[in-house]
Amino acid sequence: MRPARRVLACAASILMALTLSGTPGAPAAGAAPESAAASAALPDDPFFAYDRPPEYQVVAEDVHVPLRDGSHVVCRLYRPGDTPTRPATGRFPGIVYEYTAYADNAEAFGDGAAYFVRRGYNALVCQARGSGESPGSLDPFSPQEQRDNYDVVEWLAAHPASTGRIGQMGVSYGGHSALLVAVNQPPHLEAIIPMNGIHDWYEDTIYHGGIYSARIRDWQRQVAPDTLRTYAEHPLYDDFWRDRSVMSRWDRLTVPTLEINGWYDRYRDGMVKNYRARPGNVWLISGPWEHGYPEGQYADIGKGAYLAWWDHWLAQDPDAPLPATPVTSYEVPGPGAGRGWRQFEQWPPRDAHGVTLRLGTDGMLSRAAGRPGTAAFDVNTESEPPQDHEQVTFETAPLRRDLVLAGDASARIRTSFGAEDGHLAAVLYDQAPDGTSTRITEGWLKASHRDTHTDLAPVEPGRVYDLDVHIRPTHYRLSAGHSLVLRISSDDYPAIDSSAPPGRVEVSTGAAGSMLHLTVHNARDGATS
């Protein structure tokens, strides 16, 4: 079993808590068709073809890294060796390979780190304070944990076998940690590679559109049970969350950052937002990947690309390439209709633009406003998918040509609630001619959070409000003959709690009604009726 797969197996229950049920358009199991396999081929870019042979053995030792408050974290240090027990002479750049609370995955993390150690890097895998053998109380992504991570970076820089040039990488928890330590700006941190990382812990993970995530509670119970209390004590966005945010300190995300994003991963919104906030020093690679390491998944980019990044920034090798363009994205679905890897100078692509579709009283999505009307559904209070009477759907006519969604979307829903608050979930689907549907992407909003997450806006039953629901980005091709479907409901379990007060929700349609805004890459080719 490859290291990436062992990580997923060891932490299955944890990663399940971080992955949305019904992952949109997930790659099918089994061998890809020949045409689809061809589309998985990497771009013709030296960055993705980079590699060099191993030169060293791997020497491992357990270390206690001292922290500024007198405590310590337990780490495993991997060093280049002449033999498995004798470190090589000289100094080497360093990588904090994972800074995480998942101590059970230490062996798999070590296997992954070994690739870089054999090529001349020190590597460190650390157990966050309060996890594994590290003493204290676990408070994920807190200011204390960020200070600890800072101290670890500086400790590795000061190691006698270090050149003082340090990078950090990691997936999920480790990706969040890499981004958060970067905005703390330890002096010797030169570059990072976050995979499946946040832009904001509140928005990306805990409160989707202001609505508590049902699924994250499983992760909390297993990994950080104290947060079941502390997170519930902070339903609004305050300093507690700003302290756990990259977004609140985007101006301090200044090191070169290689973001590894999955179009089937829940953190894709945060990764894209980080890139758009810092396009001068952030590179974005978005593949057809679910939550976890890309290695072993369809359209794997391989560790050689990461090695090129470290050789460039840490080893200061001018011949080690960077990606040819700031954005490399896989057009999904894959395998399937998507055209595979594309490279862009920016995201959304420069030639992408907006298309607005109206929610028709006849249930259609089209450019025409149509006659005014309403559609209504009952609030779903059960922890299960909405039933027919608990949702409304709108769909385009079958597309005359392919349509590529390439960026964010948003739904402006003109609506009224039968209670003093409410939820809206907006989900996009790709509906094939045979009626089968594939989930593409989604967004959510609590009515009382319609203006901001920092203060509640009162909701008067029966009063009409315009709610702008942000829909997470995608790079997705709908084939000719397919239809784009928008589902609106009060629930999207387990992504959000089924906690909206019972009642009936009315959605204004037709002229002066609700709208769906899309970012499309080839609007002329994919014009809808």
Side-chain angles (χ1 to χ4, degrees), residues 20-26 208-209 211 213-215 264 266 269 333 355-366 370 373-399 403 405 408-417 422-447 466-474 476 478 482-500 503-510 513-518 528:
L20 178 65
S21 176
T23 302
H208 293 321
I211 309 166
S213 168
R215 171 150 287 182
Y264 299 130
R266 67 171 299 165
D269 190 41
V355 169
T356 297
L357 302 178
R358 302 276 186 166
L359 278 59
T361 303
D362 58 358
M364 299 298 292
L365 277 175
S366 68
T374 59
F377 61 89
D378 294 324
V379 170
N380 178 17
T381 59
E382 302 296 327
S383 299
E384 61 185 20
Q387 304 300 306
D388 288 346
H389 66 96
E390 295 166 335
Q391 60 183 315
V392 290
T393 59
F394 303 86
E395 64 182 82
T396 66
L399 299 172
L403 174 69
L405 306 179
D408 299 348
S410 65
R412 167 157 282 197
I413 308 300
R414 180 159 290 176
T415 186
S416 64
F417 299 90
H423 297 173
L424 287 181
V427 185
L428 294 179
Y429 293 90
D430 172 1
Q431 183 169 289
D434 64 3
T436 58
S437 292
T438 299
R439 183 174 179 133
I440 303 173
T441 188
E442 61 284 310
W444 317 271
L445 183 63
K446 193 180 187 74
D466 286 328
L467 272 65
D468 291 312
V469 183
H470 170 71
I471 297 174
R472 299 190 297 183
T474 189
Y476 188 97
L478 290 99
H482 289 222
S483 297
L484 178 67
V485 177
L486 170 65
R487 186 193 81 189
I488 301 173
S489 60
S490 68
D491 184 53
D492 190 23
Y493 186 84
I496 57 174
D497 272 346
S498 307
S499 57
R504 194 156 175 81
V505 181
E506 290 194 351
V507 176
S508 299
T509 56
S514 305
M515 295 175 285
L516 174 65
H517 303 288
L518 303 172
T528 61

Considering residues at least two apart in sequence or located in another chain, which fulfil the side chain to side chain contact (heavy atoms under 4.5 Å, CB included) criterion with [X]?
X	answer
D378	H389, E390, R504
S498	S383, D491, Y493
H482	D430, A432, P433, S479
A500	V379, H423

Sequence neighbours excluded, which residues qualify as side chain to side chain donor-acceptor pair (under 3.5 Å) partners of S410?
none
Applying side chain to side chain donor-acceptor pair (under 3.5 Å) to R487 and not counting sequence neighbours gives Y429, D492
Look only at the side chain of [X] and the backbone of [Y], and say whether a donor-acceptor pair between them is shorter than 3.5 Å.
X	Y	result
D434	T436	yes
R472	R266	yes
S213	I496	no
S514	R414	yes
T415	E506	yes

Show the nearest heavy-atom pair for residues P333 and Y264, with the distance to one decimal.
CA-OH, 3.4 Å
Minimum heavy-atom distance G510-R358, with the two atoms named
O-NH1, 4.5 Å
So among L428, V392, T393, which one has a side-chain contact (heavy atoms from CB on, under 4.5 Å) with L486?
L428
I471 and its side-chain contact (heavy atoms from CB on, under 4.5 Å) partner, picked from L516, I440, D269
L516
Take T361 and F394 through the test side-chain contact (heavy atoms from CB on, under 4.5 Å) and record every step on the way to the result.
CA-CA 9 Å; T361 303; F394 303 86; over 6 Å; no
Student check: side-chain heavy atoms of L359 and I488 closer than 4.5 Å
yes
Approximate separation, where rounding is to 0.5 Å, of [X] [atom1] and [Y] [atom2]:
X	Y	atom1	atom2	answer
L478	L405	CG	CG	5.5 Å
S490	L424	OG	CG	8.5 Å
L467	L445	CG	CG	5.0 Å
Q431	E395	CD	CD	5.0 Å

Decide side-chain contact (heavy atoms from CB on, under 4.5 Å) for L518 and L484; before the verdict, give the C-alpha distance in whole Å, the side-chain angles of both, and the deciding distance to 0.1 Å.
CA-CA 11 Å; L518 303 172; L484 178 67; 3.7 Å; yes
Please tell me whether D408 and H517 have a donor and an acceptor in their side chains that are separated by less than 3.5 angstrom.
no
side-chain contact (heavy atoms from CB on, under 4.5 Å), that's the test. Do F377 and D388 meet it? Break it down for me.
CA-CA 8 Å; F377 61 89; D388 288 346; over 6 Å; no
Steps toward side-chain contact (heavy atoms from CB on, under 4.5 Å) verdict (T509, D362):
CA-CA 9 Å; T509 56; D362 58 358; over 6 Å; no
